Amino acid sequence: MTSPSRLRRSFIVLGLIALGVGLTPALAQSGPPGKAQAQAAKPAAGETGKDAQKQIDEIAEAGRALSGPAGHPECVWLGRRVVLLMWRDDLDTAFRHLDLYDRFGCPSAHVQAAFRCLIKQGPIDPKAQQTLIGRVHDCWLDPSLVAQPAAAKVTSPASAQSAKP
């Protein structure tokens, strides 16, 4: 019979071999540690600068246009984000952001008014130049914004008559 210590040692050795065989393919696929993550996390420098400056300008514009806490930078950033998340039906994340929004002393009525404005604007046409973010920004600046009616097609009488059979 084999002794318990020899049996224990052989199980340990077999376990280490199995662990080594299981990790080898994973290590071979990953390459040098951190290299892929560093490349994926590094955006183009030109894009980052333009986007950051645009966001700073929009927040500054809201600070000038709105009086009271709704114009504070943290309220503008969090509030617009809450409205975007609600539009996209990501309510769990929107409520977490709303908790932060309230914690900063920002007016919750402004979020409600901006979301109401966004809903009244109607669906966003994918071909239109105005994006969801732009519409949220406009509604944040002026929650009483009235939806622009779609331009009616103007047909000339000649084209209308030629269309008739």
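Quantities reported herein were computed from a predicted structural model and do not represent experimental measurements.
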Could you check whether any side-chain heavy atom of L118 comes within less than 4.5 Å of a side-chain heavy atom of L132, counting everything from C-beta outward?
yes

In Å, rounded to the nearest 0.5 Å, how long is the span from CG of L84 to OG1 of T93?
12.0 Å

Using a 4.5 Å cut-off on heavy atoms from C-beta on, say whether the side chain of P69 contacts that of F104.
no

Tell me, please, which residues at least two apart from H110 pass ring pair (Phe, Tyr, Trp, His ring centres under 6.0 Å).
W140

Please report the C-alpha distance between Q121 and L145 in whole Å, then the side-chain angles of each, then the deciding distance to 0.1 Å, and finally whether the side-chain contact (heavy atoms from CB on, under 4.5 Å) criterion is met.
CA-CA 9 Å; Q121 299 294 316; L145 192 65; 4.0 Å; yes

Pairs where residues 65-76 contributes a residue and the test side-chain hydrogen bond (donor to acceptor under 3.5 Å, both in side chains) is met, not counting sequence neighbours:
none

Flag yes if L141 and W77 sit in one hydrophobic cluster, no otherwise; membership is Ile, Leu, Val, Met, Phe, Trp, Tyr, and two members link when side-chain heavy atoms are under 4.5 Å apart.
no

In short, salt bridge (charged side-chain N to carboxylate O under 4.0 Å, His left out) pairs touching residues 90-102 with sequence neighbours left out are none

Can you give me the closest heavy-atom contact between V76 and A70, atom names plus distance?
CG2-O, 3.4 Å

Show which side-chain atoms of residues 56-64 pair as donor or acceptor with protein atoms under 3.5 Å away, not counting sequence neighbours.
{"unit_1": "D57", "atom_1": "OD1", "unit_2": "Q53", "atom_2": "NE2", "d": "2.9"}
{"unit_1": "E58", "atom_1": "OE1", "unit_2": "R80", "atom_2": "NH1", "d": "3.2"}
{"unit_1": "E58", "atom_1": "OE1", "unit_2": "R80", "atom_2": "NH2", "d": "3.3"}
{"unit_1": "E61", "atom_1": "OE1", "unit_2": "H137", "atom_2": "NE2", "d": "3.2"}

Taking disulfide bond (SG atoms under 2.5 Å apart) as the cut-off, I'd like each qualifying pair that reaches into residues 76-122, sequence neighbours left out, listed once.
C75-C106, C117-C139

All side-chain contact (heavy atoms from CB on, under 4.5 Å) counterparts of L91, not counting sequence neighbours:
M86, F95

Is it the case that over 12 heavy atoms from other parts of the model lie below 6.0 angstrom from the CD1 atom of I133?
no

Got V136 and W87 here, is their nearest side-chain heavy-atom distance under 4.5 Å?
no

On a heavy-atom basis, the closest approach of V82 and L98 is CG2-N, 3.7 Å

What distance separates R81 CZ from H97 NE2, expressed to the nearest 0.5 Å?
4.0 Å

